[in-house]
J.: 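Starting off with a structure, shown below.
No hydrogens, no waters, no symmetry mates; every other heavy atom, side chains included, goes into these values. Keep in mind that what you see is a predicted model, and the values were worked out from it rather than measured. By convention here, the first residue in the shown sequence is residue 1.
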Amino acid sequence: MNRRRILGLVAMTASVSVFAGLSGPAAGAAAANVTVDFTTVERTVSPQAFGLDVTGYGYGHYITNDPAEQAMVQGRFGMMRMGLKYATPGNPSSPIVANGAGADTTVTGDQWVSAIKARGAEPMVIVPDNAVDAANIVKHFNTGPTPNRVARWIIGNEPSDIAAYAGKFNAAYDAMKAVDPTIKIGGPALAWPDMQSVRTFLKASGTRADFVDFHKYGMGGEKLVCDSQLLNETVQWENDVNQVRTIINEEVPARASKIDIQVGEINSSWSVVDNPPELAQCGNIGTEPFQYRNAAIWWSASVWGHLLKAGAKGFVYGDKNGALGLLYDQPNDERPAYARNGAGLNERMPIYQGVGFFTGQKDTSLARFGSSLVRAQTTLPGVEVYASANPKVVVLVNKSTTPSTAVVGVGSGVTKAAAVQKAGDTAGYALPTSLGTLPVSQGTVTVSLPGPSVTQLAIS
């Protein structure tokens, strides 16, 4: 989608304990109400699990030319996804440019792809569903004396007629694979997780598709909900991925293990309405676009945690696009006063903060989530826990408004646990707070969890 504004969110809290493969807490330690077993791996975490959509918006300040934006995303996203097209459709001699409505077309496709690679990410390119143009764009990047290779592709974007789209997908897929049979190609990039359309697509194209891509936003258009509901619904991202996996297994069982799933666009809302009457029942908390409010921090951390559990890739929409941005895109700041510090351009948005508890953030000591998702569970209401090995990282998302104390069992031999926290009583743009190296006593670490908040523990 080509979007240029969006909406909001809320949060929660608790008490926690983590084990490093032990059968119980250390003697004298408080009993755990959150447990993490670093020895039980539930799934591998792909380097591309955390992705970003590059929009081509930004009023002249892009990942191609803006050192500040480059530094904010450097090495944090494993894959970046962008739509490209010929400036003149059907004319392969015309420049390849960004395909978003209103996107900057003075930057070339090669500049975008090279900038993505320079940020430490793998490029993914969305091409038109015209077979000739799609094949020629693959030929441009992947063949010739100086290729700028792209390994992963999507055909089309948000089709309205899935049956017609599937026919175009098959033709474009075959033409693109004829140019480079090693590339991976997916679709249908649905505007929302319409499961019947997923099934129709797989019936017609399941023998070809290398991955399924769909988009999912918390709200937008006619769907406007309070922050509390948005937070309660974050599990839908996990459920939708699991449902798509079920459909893949039913429709193309012979290829099911070879078909990946990704949520290609994610944000809390695809539209922006200031103080909508539909949210009057939410009170003051519903009077500004959700993307500006602190609740978007807990919302995005929870969404990506659920995607990790489901084993899917997720892409923030987008790097810059007003309220729909990872970073704010205008020096003349239009946001409400509470959501800005005056910097405007390239200021971190709440979604940057939330995802950053998994990817790391510039100017913080946040660790990157590890390469293996391990077993983690809690009995605490309103609290979610996600943990990794290699390295050992624990992310606690407190979506309640009640503060708690976490007693984290880290096991014998552990000498330290570095803690970083973002609490609900701090400004959305403000850096997370380093709690320093927390002392380990009898194999446990104690940390307060404000309500709401998100906390990361990097276990040594």
Side-chain angles (χ1 to χ4, degrees), residues 45-58 60-87 95-100 103-128 134-155 157 176 179-186 189 210-211 213 260 262 264-266 313-321 325-327 329 346 352 355-356 358-362 368-369 371:
V45 177
S46 167
Q48 290 84 38
F50 307 98
L52 177 64
D53 288 305
V54 178
T55 63
Y57 304 133
H61 299 273
Y62 314 118
I63 62 167
T64 58
N65 66 353
D66 186 344
E69 178 176 355
Q70 292 167 354
M72 292 291 277
V73 301
Q74 187 69 39
R76 309 200 185 285
F77 296 92
M79 186 172 287
M80 295 188 189
R81 176 181 178 276
M82 185 176 192
L84 297 176
K85 65 178 182 180
Y86 283 114
I96 296 174
V97 297
N99 73 355
D104 191 331
T105 56
T106 65
V107 183
T108 69
D110 279 292
Q111 289 174 316
W112 288 117
V113 168
S114 295
I116 288 170
K117 292 178 178 180
R119 306 287 74 75
E122 180 181 343
M124 175 185 294
V125 171
I126 307 164
V127 292
N136 280 332
I137 293 174
V138 174
K139 187 180 299 183
H140 170 88
F141 283 105
N142 290 16
T143 65
T146 57
N148 192 4
R149 193 169 191 280
V150 176
R152 205 166 167 94
W153 301 78
I154 296 175
I155 297 171
N157 186 59
M176 294 164 72
V179 174
D180 184 348
T182 68
I183 60 177
K184 300 295 184 183
I185 306 172
D210 297 305
F211 59 92
D213 179 290
D260 294 336
Q262 65 181 45
E265 291 185 13
I266 302 172
K313 299 177 178 68
F315 293 76
V316 176
Y317 185 89
D319 62 334
K320 287 181 176 175
N321 191 358
L326 185 78
L327 306 172
D329 60 359
N346 292 318
Y352 180 90
V355 179
F358 294 97
T359 64
Q361 293 188 38
K362 184 178 182 295
R368 185 174 178 84
F369 204 72
S371 60

J.: Quick one: pull up CD1 in I154 and CZ in F211 and give me the separation to the nearest 0.5 Å.
T.: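 Taking CD1 in I154 and CZ in F211, the distance rounds to 4.5 Å.
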
J.: Students often mix this up, so state it plainly: with edges at 30° and 60°, are the rings of F50 and F369 parallel, tilted or perpendicular?
T.: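 Answer is perpendicular, since the angle exceeds 60°.
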
J.: Going by atom types only, do D110 and H140 share a side-chain donor-acceptor pair under 3.5 Å?
T.: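 Result is yes, a qualifying pair exists.
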
J.: May I ask you to test the R152-D210 pair for a side-chain heavy-atom distance under 4.5 Å?
T.: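 With C-beta onward as the side chain, the pair stays apart.
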
J.: Counting C-beta onward and ignoring hydrogens, is there a side-chain heavy-atom pair between I185 and I155 closer than 4.5 Å?
T.: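 Touching, per the 4.5 Å side-chain cut-off.
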
J.: Just wondering, more than 12 heavy atoms not from K139 lying within 6.0 Å of its NZ?
T.: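 Atom NZ in K139 is not crowded, with 12 or fewer foreign heavy atoms closer than 6.0 Å.
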
J.: Do any pairs count as a salt bridge (Lys or Arg N to Asp or Glu O under 4.0 Å) and have a residue in residues 67-78, sequence neighbours left out, and if so which ones?
T.: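 Sorted pair list: E69-K320.
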
J.: Salt bridge between D260 and K184, side-chain N to carboxylate O under 4.0 Å?
T.: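 Salt bridge between D260 and K184, a charged N being under 4.0 Å from a carboxylate O: no.
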
J.: Do side-chain atoms of N142 reach the backbone of V179 as a donor and acceptor pair under 3.5 angstrom?
T.: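 Between the backbone of V179 and the side chain of N142 there is no qualifying donor-acceptor contact (under 3.5 Å).
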
J.: Is it the case that D104 and Y57 place a side-chain donor and acceptor less than 3.5 Å from each other?
T.: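 Side-chain D/A pair, D104 to Y57: absent.
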
J.: Ignoring hydrogens and angles, tell me if any N or O in the side chain of Q74 forms a donor-acceptor pair with the backbone of A118 under 3.5 Å.
T.: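 It does hold such a pair.
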
J.: Measure from the side-chain N and O atoms of Y352 to the backbone N and O of M72, and report whether any donor-acceptor pair falls under 3.5 Å.
T.: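 Here the side-chain-to-backbone pair exists.
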
J.: Do S114 and R119 have a side chain donor and acceptor closer than 3.5 Å?
T.: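 Result is no, nothing qualifies.
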
J.: Do any N or O atoms from the side chain of N65 and from the backbone of Y62 form a donor-acceptor pair under 3.5 angstrom?
T.: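 Side chain of N65 to backbone of Y62: a pair is present.
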
